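Worksheet for the structure shown next.
Quantities reported herein were computed from a predicted structural model and do not represent experimental measurements. Order of the sequence lines sets the chain letters (A, B, ...), proteins ahead of strands, with each chain counted from 1.
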Number of protein chains: 2
Amino acid sequence: MTTVLIADDQPMQRFGFRMLLESQDDMTVVGEASNGTEAIRLVDRHHPDVVLMDIRMPGLDGIEATRRIVAAGARTRILIVTTFDLDEYAYDGLRAGASGFLVKDAQPEELLAGVRAVASGDAVVAPSLTRRLLDAYIHHLPESGAPGPSPEDARLGALTDREREILTVIGQGWTNAEIAERLHLAESTVKTHIGRILAKTGARDRVQAVILAYDTQLVTPA
Amino acid sequence: MTTVLIADDQPMQRFGFRMLLESQDDMTVVGEASNGTEAIRLVDRHHPDVVLMDIRMPGLDGIEATRRIVAAGARTRILIVTTFDLDEYAYDGLRAGASGFLVKDAQPEELLAGVRAVASGDAVVAPSLTRRLLDAYIHHLPESGAPGPSPEDARLGALTDREREILTVIGQGWTNAEIAERLHLAESTVKTHIGRILAKTGARDRVQAVILAYDTQLVTPA
DNA sequence: GCGGGCGTAGTACCTGGGTACGACGGGGAA
DNA sequence: TTCCCCGTCGTACCCAGGTACTACGCCCGC
């Protein structure tokens with residue numbers, strides 16, 4: 001019997017997963033979590049074989065939750081199932097230690113097959129992603145020892161901590177004057193930082209920087 | 001017995017809905033459609049009491065499908081169930097003739113209650129939407145009281161189609177000059193539109209407008 | 001010790017963006 | 001028909017933002 005934990009912030013989605021899984025006589029759902037923190041807690045309590053993990057969840061997201069569960073040494077396998085077939089997500093997710101990555105528009109049978117695969121130690125990736133993922137991997141091969149906690153997007157990787165911090169508040173919609181005031185800086189300093197951010201990321205102006213911040217999940221939609 | 005048709009492009013979502021509905025002894029699912037065209041065809045064939053209609057579907061979307069089904073004089077009631085709680089969608093959907101609008105992160109019980117409500121001729125709107133929808137409606141009503149300047153509006157609901165279009169491309173990072181060129185407009189016209197967008201949304205500048213666009217899913221991360 | 005990255009700060013300059021107007025044609029609603 | 005919304009375009013003005021450059025203290029690695 002394969003035990004499964006469902007982590008998704010949408011009740012209907014969880015319901016669908018639960019019904020599907022419970023309809024199989026070799027699977028059982030041992031819990032449901034609506035965010036990453038809850039998922040970690042329930043994994044710690046129930047030690048499920050597989051976690052169906054959504055990425056977009058309030059608070060702690062699925063990627064980070066995956067990272068922590070894997071880092072904690074749990075034998076639980078993570079199968080990421082998300083709405084968006086973004087290669088960057090897949091990449092981050094697999095780097096975080098997930099055993100698989102499927103998109104929600106997969107057929108129910110595919111999902112069941114995926115659960116069984118990761119439960120038995122295999123890895124699965126949505127067919128629509130395989131190619132791009134492979135390309136991404138090849139591209140990232142030369143980089144062997146990635147320092148720091150989270151490398152994230154290539155373009156953001158070159159930013160310093162301070163620059164990432166500045167970019168984050170730009171993504172909050174703050175003006176240079178506000179940034180200077182709230183971060184206790186001179187406005188000229190803020191401009192210097194922003195100039196470097198734009199140069200490093202290739203963004204033309206703060207608007208494109210904000211878009212980049214959203215696209216790379218540096219900031220997330222409210 | 002209430003007969004229901006499910007129209008959603010995601011198989012797993014359909015599965016969840018079907019399981020939920022079939023678990024009720026006063027409901028039965030008479031068909032599933034994965035796009036608007038198919039939904040229209042199946043409504044014509046089965047004449048269901050209620051259609052659970054998703055908005056985002058390939059080809060003919062849920063709004064247009066709703067419009068055509070209602071226009072065809074079918075006694076079928078449409079209950080729009082979508083991922084995004086955008087007032088503009090709700091507004092469009094209800095204008096198109098839908099009897100209700102719920103978001104997918106609703107509790108299953110809410111959804112069942114919604115189906116029963118529209119089947120019996122009532123209208124339902126997700127609680128999270130009611131207030132904004134009301135604001136939008138009030139704005140479209142003939143003014144009787146003190147008109148005044150009223151510079152501020154709730155959110156995207158008050159935007160015209162053109163303004164929403166402009167906001168979308170701002171969210172792509174385009175400059176005013178680029179917008180003017182690619183949309184075959186004068187830059188002054190672009191500025192006029194943007195000025196109105198900022199006034200209506202309450203955003204201070206285009207950066208905050210972009211943030212709003214992302215937060216409301218008008219534009220989605222790449 | 002020395003170079004270099006980082007964070008800080010300044011000056012000078014120029015451009016894009018936003019504001020505040022006014023104006024006009026078309027089309028739908030009263 | 002009349003009125004008003006919408007989309008269009010224009011001019012003038014001001015300022016936040018971005019560029020370009022220099023500079024200094026700190027800390028780290030070599």
Side-chain angles (χ1 to χ4, degrees), chain A residues 145 147-148 156-213, chain B residues 88 91 95 136-153 156-213:
Chain A
L156 260 45
L159 297 184
T160 66
D161 289 342
R162 191 55 157 170
E163 285 159 1
R164 230 187 313 270
E165 187 182 0
I166 300 285
L167 178 51
T168 303
V169 296
I170 292 176
Q172 309 298 321
W174 299 10
T175 63
N176 290 348
E178 288 171 342
I179 297 173
E181 184 191 346
R182 303 187 199 182
L183 261 51
H184 307 295
L185 293 175
E187 193 169 335
S188 62
T189 303
V190 175
K191 285 192 175 186
T192 301
H193 281 306
I194 293 179
R196 285 201 263 262
I197 291 171
L198 299 183
K200 287 183 180 178
T201 59
R204 178 172 50 196
D205 49 39
R206 69 201 291 115
V207 175
Q208 292 195 348
V210 167
I211 293 171
L212 179 67
Chain B
E88 54 166 323
Y91 188 67
R95 283 205 58 163
Y137 251 112
I138 287 169
H139 227 270
H140 284 266
L141 284 177
E143 54 213 342
S144 54
S150 76
E152 80 296 324
D153 255 293
L156 297 188
L159 296 185
T160 67
D161 288 342
R162 193 56 158 169
E163 286 160 358
R164 237 188 312 270
E165 187 182 1
I166 301 285
L167 179 51
T168 302
V169 297
I170 293 176
Q172 309 297 321
W174 298 11
T175 63
N176 290 348
E178 288 173 342
I179 296 173
E181 185 191 346
R182 304 189 198 182
L183 261 51
H184 307 291
L185 292 175
E187 193 168 333
S188 61
T189 304
V190 176
K191 285 190 173 188
T192 301
H193 282 306
I194 293 179
R196 286 200 262 261
I197 291 171
L198 299 184
K200 288 182 179 179
T201 59
R204 178 173 48 197
D205 48 41
R206 69 202 289 114
V207 175
Q208 292 194 348
V210 167
I211 293 170
L212 179 66

**Item:** Of the listed nucleotides D/dG7, D/dG17, D/dT19, the one nearest the side chain of A/Leu198
**Value:** D/dT19
**Asked** Is the shortest side-chain N/O distance from B/Asn176 to OP1 or OP2 of C/dG16 below 4.0 Å?
**Response** no
**Message:** Any residue in residues 185-195 of chain B with a heavy atom nearer than 4.0 angstrom to DNA chain D? Just list them by number, or reply none.
**Reply:** B/Leu185, B/Ala186, B/Ser188, B/Thr189, B/Thr192, B/His193
**Prompt:** When the distance from CG of B/Asp161 to C1' of C/dG27 is rounded to whole Å, what number comes out?
**Reply:** 15 Å
**Request:** Ignoring backbone atoms, test whether B/Arg162 places a side-chain nitrogen or oxygen under 4.0 Å from the OP1 or OP2 oxygen of D/dT8.
**Result:** yes
**Request:** Rounded off to whole Å, could you give me the CD1-to-P distance for the A/Ile166 and D/dG17 pair?
**Result:** 13 Å
**Asked** Of B/Asp205 and B/Arg196, whose closest DNA chain D nucleotide lies nearer the 5' terminus?
**Response** B/Arg196
**Request:** Using whole Å, report how far CZ of B/Arg204 lies from C1' of C/dT19.
**Result:** 15 Å
**Request:** Send over the distance from A/Arg206 CZ to C/dG17 C1', rounded to a whole Å.
**Result:** 12 Å
**Asked** Which atom pair, heavy atoms only, marks the closest approach of B/Ala209 to B/Ala203?
**Response** N-CB, 3.7 Å
**Item:** Identified side chain to side chain contact (heavy atoms under 4.5 Å, CB included) partner of A/Leu159 from the options A/His193, A/Arg196, A/Glu165, A/Arg164
**Value:** A/Arg164
**Message:** For B/Glu181, is the CD atom crowded, meaning more than 12 foreign heavy atoms sit under 6.0 Å from it?
**Reply:** no
**Asked** Could you go step by step and tell me if A/Leu185 and A/Arg162 meet the side chain to side chain contact (heavy atoms under 4.5 Å, CB included) rule?
**Response** CA-CA 12 Å; A/Leu185 293 175; A/Arg162 191 55 157 170; 3.6 Å; yes
**Request:** Mark yes or no for whether A/Gln208, through its side chain, and A/Arg204, through its backbone, hold a donor-acceptor pair below 3.5 Å.
**Result:** yes
**Request:** Please name the pair of heavy atoms, one in A/Ile211 and one in B/Gln172, separated by the smallest distance, quoted to 0.1 Å.
**Result:** CD1-C, 3.4 Å
